[in-house]
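What follows is a short report on a single structure.
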Amino acid sequence: MNIYQEAAKKIIDSHYCVAFTGAGISVESGIPPFRGRDGLWNKYDPMTFEIDYFLQDTARSWEIIREIFYDLFGHVLPNTAHYALAEMEQRGLLKSVITQNIDNLHRDAGNIEVYEFHGSLKQITCLTCGQKVNVAQVDMAHLPPTCLTCGGLMKPDVVFFGEAIPEYAAFKSIDASQRADCMILIGTTGTVAPANTLPFQAKAGGTTIIEINPDPSEYTDQVTDIFIQENATRAMEHLMEAIDELV
Ligand code: APR
């Protein structure tokens, strides 16, 4: 049995399979990772994504946010790895996707049960009255955007360093990690807390961990049972073929 057939059998035999994704799954959609070669943090100071910095120098922070996230992220499409996870959910092979990504590509690909642990760029929120607005309605030429209801400062609905994880996403992600008997990790270093604790929580409950990454991560020698050292699109294409052969 090759590694894809082994992984496919674990997924098919599982009762509660979930995916846990990081920036790597969106690299082949044209979004650079945060770390490593070509990582965004080589070009931009992560400090600009500290909530304190955002509140102190809002105008500058918004300029950088627009440059990275809205100018870049706004024009990318899901790739075959995103579509494969959506197909797995539709076929009842996958219960949900826990993602660290803020690019909305899992939803764009058709996944329904998506827990956005670090929020989403799709909405911005007023820090005064809590009003939420779809980013498509925001004039990005005039920054920082202010609330049309109360005039308050608007912030992207993403988790800045120093901010708490959104309650719903935290609850659903921990619940899914504890229920899972199979977890597919795709494209994450496993270095950012508290998201990086979820695969360990799953493992503690006896979950089979399948990892897809061209490079080893914090998980590979600690929790991973089946390591597919490959890019997300090629790995997921081969995995779907192996699943189709077995069902
Ligand atoms: N396919 C699969 N994995 C890939 C690919 C690819 N084509 N290209 C790179 N990778 C892997 C890298 O080997 C690395 O392990 O994706 C990972 C990207 O790592 P990071 O950029 O650190 O992304 P991630 O682990 O998701 O970071 C977590 O950090 O900055 C914060 O909030 C941000 O959600 C993000 C969090």
Is any side-chain heavy atom of Glu89 less than 4.5 Å from a side-chain heavy atom of Ile112? yes
Counting distance only, does the side-chain N/O of Lys95 pair as donor-acceptor with the main-chain N or O of Val18 below 3.5 Å? no
Give the cluster check for Val97 versus Leu239: same hydrophobic cluster or not, with ILVMFWY residues linked at side-chain heavy-atom distances below 4.5 Å. yes
Tell me whether the centres of the aromatic rings in Phe200 and Tyr219 are closer together than 6.0 Å. yes
Pair Phe160 and Phe54, ring centroids less than 6.0 Å apart: yes
Using distance alone, with no hydrogens and no angle criterion, decide if Gln201 and Ser177 have a side-chain donor and acceptor under 3.5 Å apart. no
When you measure from the side chain of Asp157 to the backbone of Thr125, do you find a donor-acceptor pair of N or O atoms at a distance under 3.5 Å? no
Side chains of Leu85 and Leu94, heavy atoms from C-beta outward: is any pair under 4.5 Å? yes
Please check this pair: side chain of Asn213 against backbone of Ile228, looking for a donor-acceptor N/O pair closer than 3.5 Å. no
Between Gln5 and Asn2, is there a donor-acceptor pair closer than 3.5 Å when you use the side chain of the first and the backbone of the second? yes
Would Thr99 and Thr21 count as having a side-chain donor-acceptor pair, cut-off 3.5 Å? yes
How many angstroms lie between atom CG of Leu55 and atom CD of Glu50, to the nearest 0.5 angstrom? 11.0 Å
Apply side chain to side chain contact (heavy atoms under 4.5 Å, CB included) to the pair Asp108 and Leu77, showing each step before the final yes or no. CA-CA 8 Å; Asp108 292 344; Leu77 298 172; over 6 Å; no
Check the surroundings of atom OH in Tyr44: do more than 12 heavy atoms from other residues, nucleotides or ligands lie under 6.0 Å from it? yes
Counting only pairs under 3.5 Å, give me each side-chain donor-acceptor contact of residues 135-143, with atom names and distances, residues two or more places apart or in other chains.
residue : atom : partner : partner atom : Å
Asp139  : OD1  : Ala141  : N            : 2.9
Asp139  : OD2  : His142  : ND1          : 2.4

Using a 4.5 Å cut-off on heavy atoms from C-beta on, say whether the side chain of Cys182 contacts that of His15. no
Pairwise side-chain contact, Pro156 with Ile65, heavy-atom cut-off 4.5 Å (strictly under): yes
Could you please spell out the steps behind the side chain to side chain contact (heavy atoms under 4.5 Å, CB included) verdict for Ile186 and Met236? CA-CA 9 Å; Ile186 307 178; Met236 290 304 291; 3.9 Å; yes
For the student: nearest non-hydrogen atoms of Ala7 and Ile210, plus distance: O-CD1, 3.8 Å
Heavy-atom check, side chain of His118 versus side chain of Ile165, under 4.5 Å: yes
Phe227 and Leu185: same hydrophobic cluster, using ILVMFWY side-chain contacts below 4.5 Å? no
Are the side chain of Thr188 and the backbone of Gly22 linked by a donor-acceptor contact shorter than 3.5 Å? no
OH/Tyr53 to OG1/Thr58 distance, rounded to the nearest 0.5 angstrom? 9.5 Å
Return the minimal non-hydrogen interatomic distance between Met183 and Pro199, and the atom names on each side. SD-CA, 3.8 Å
Check whether any side-chain N or O of Tyr70 sits under 3.5 Å from a backbone N or O of Leu121 as a donor-acceptor pair, and report yes or no. yes
Is any side-chain heavy atom of Glu230 closer than 4.5 Å to one of Tyr4? yes
With the 4.5 Å side-chain cut-off for hydrophobic clustering, are Ile212 and Ile243 part of the same group? yes
Under the criterion side chain to side chain contact (heavy atoms under 4.5 Å, CB included), I'd like the reasoning laid out for Ser120 against Arg107: C-alpha separation, chi angles, the key distance, then a yes or no. CA-CA 11 Å; Ser120 168; Arg107 291 191 193 287; over 6 Å; no
Look at the side-chain heavy atoms of Ile, Leu, Val, Met, Phe, Trp and Tyr, link any pair under 4.5 Å apart, and say whether Leu127 and Ile51 land in one connected group. yes
NZ-OG1 distance between Lys10 and Thr207, expressed to the nearest 0.5 angstrom: 11.5 Å
Output yes when a side-chain donor or acceptor of Gln131 lies under 3.5 Å from a complementary backbone atom of Cys147, and no otherwise. no
Audit row: Ser217, Glu211, side-chain hydrogen bond (donor to acceptor under 3.5 Å, both in side chains) steps and yes/no: CA-CA 9 Å; Ser217 71; Glu211 181 180 8; 2.5 Å; yes
Intermediate values then yes/no, salt bridge (charged side-chain N to carboxylate O under 4.0 Å, His left out), Arg91 and Glu87: CA-CA 6 Å; Arg91 289 168 63 173; Glu87 184 186 333; 2.6 Å; yes
Does atom NZ of Lys132 have more than 12 heavy-atom neighbours from other groups under 6.0 Å away? yes
Could you check whether Asn79 and Ser29, counting side-chain N and O atoms only, form a donor-acceptor pair closer than 3.5 Å? yes
Do Glu113 and Ser96 have side-chain N/O donor and acceptor atoms under 3.5 Å apart? no
Would you give the length of the straight line joining atom OG1 of Thr80 to atom CG of Asn231, rounded to the nearest 0.5 angstrom? 10.0 Å
Given salt bridge (charged side-chain N to carboxylate O under 4.0 Å, His left out), test Arg234 with Glu28 step by step and report yes or no. CA-CA 10 Å; Arg234 188 195 296 271; Glu28 295 161 270; over 6 Å; no
Evaluate ring pair (Phe, Tyr, Trp, His ring centres under 6.0 Å) for Phe49 paired with Phe69, printing each intermediate quantity in order. CA-CA 12 Å; Phe49 291 91; Phe69 293 129; 5.3 Å; yes
Test log, rule side chain to side chain contact (heavy atoms under 4.5 Å, CB included), inputs Ile3 and His238: CA-CA 10 Å; Ile3 200 165; His238 286 323; over 6 Å; no
Kindly say whether Pro194 contributes a backbone atom to a donor-acceptor pair with the side chain of Thr197 at under 3.5 angstrom? yes
Could you pull out the closest heavy-atom pair between Ile102 and Gly119, with the gap in Å? CG2-O, 3.5 Å
With the side chain counted from C-beta on, respond yes when Thr233 and Ile25 share a heavy-atom pair under 4.5 Å apart, and no when they do not. no
For Asp57, is there any backbone N or O sitting under 3.5 Å from a side-chain donor or acceptor partner on Ser61? no
Just how far is it from atom SG of Cys17 to atom CD1 of Ile11, taken to the nearest 0.5 Å? 5.0 Å
Main-chain N/O of Gln178 paired with Asp175 side-chain donor or acceptor, under 3.5 Å: no
Look at Arg60 together with Glu63 and state whether they make a salt bridge at an N to O cut-off of under 4.0 Å. yes
Locate the shortest heavy-atom distance separating Asn111 from Ala86; write the atom from each residue and the value. OD1-N, 3.2 Å
Would you say that Phe117 contacts Pro166 through its side chain, given a criterion of any heavy-atom pair below 4.5 Å between the two side chains? no
Taking all heavy atoms of Thr146 and all of Met154, pick out the closest pair and write down the distance. C-CG, 3.5 Å
With hydrophobic residues grouped by side-chain heavy-atom distances under 4.5 Å, do Leu148 and Leu153 end up in a single group? no
Rounded distance [0.5 Å steps], CD in Glu218 versus CG in Asp221: 9.5 Å
Would you call Lys203 and Asp225 a salt bridge, using N to O less than 4.0 angstrom? yes
Minimal heavy-atom distance between Phe20 and Ala195, with the atoms involved, is CZ-O, 3.5 Å
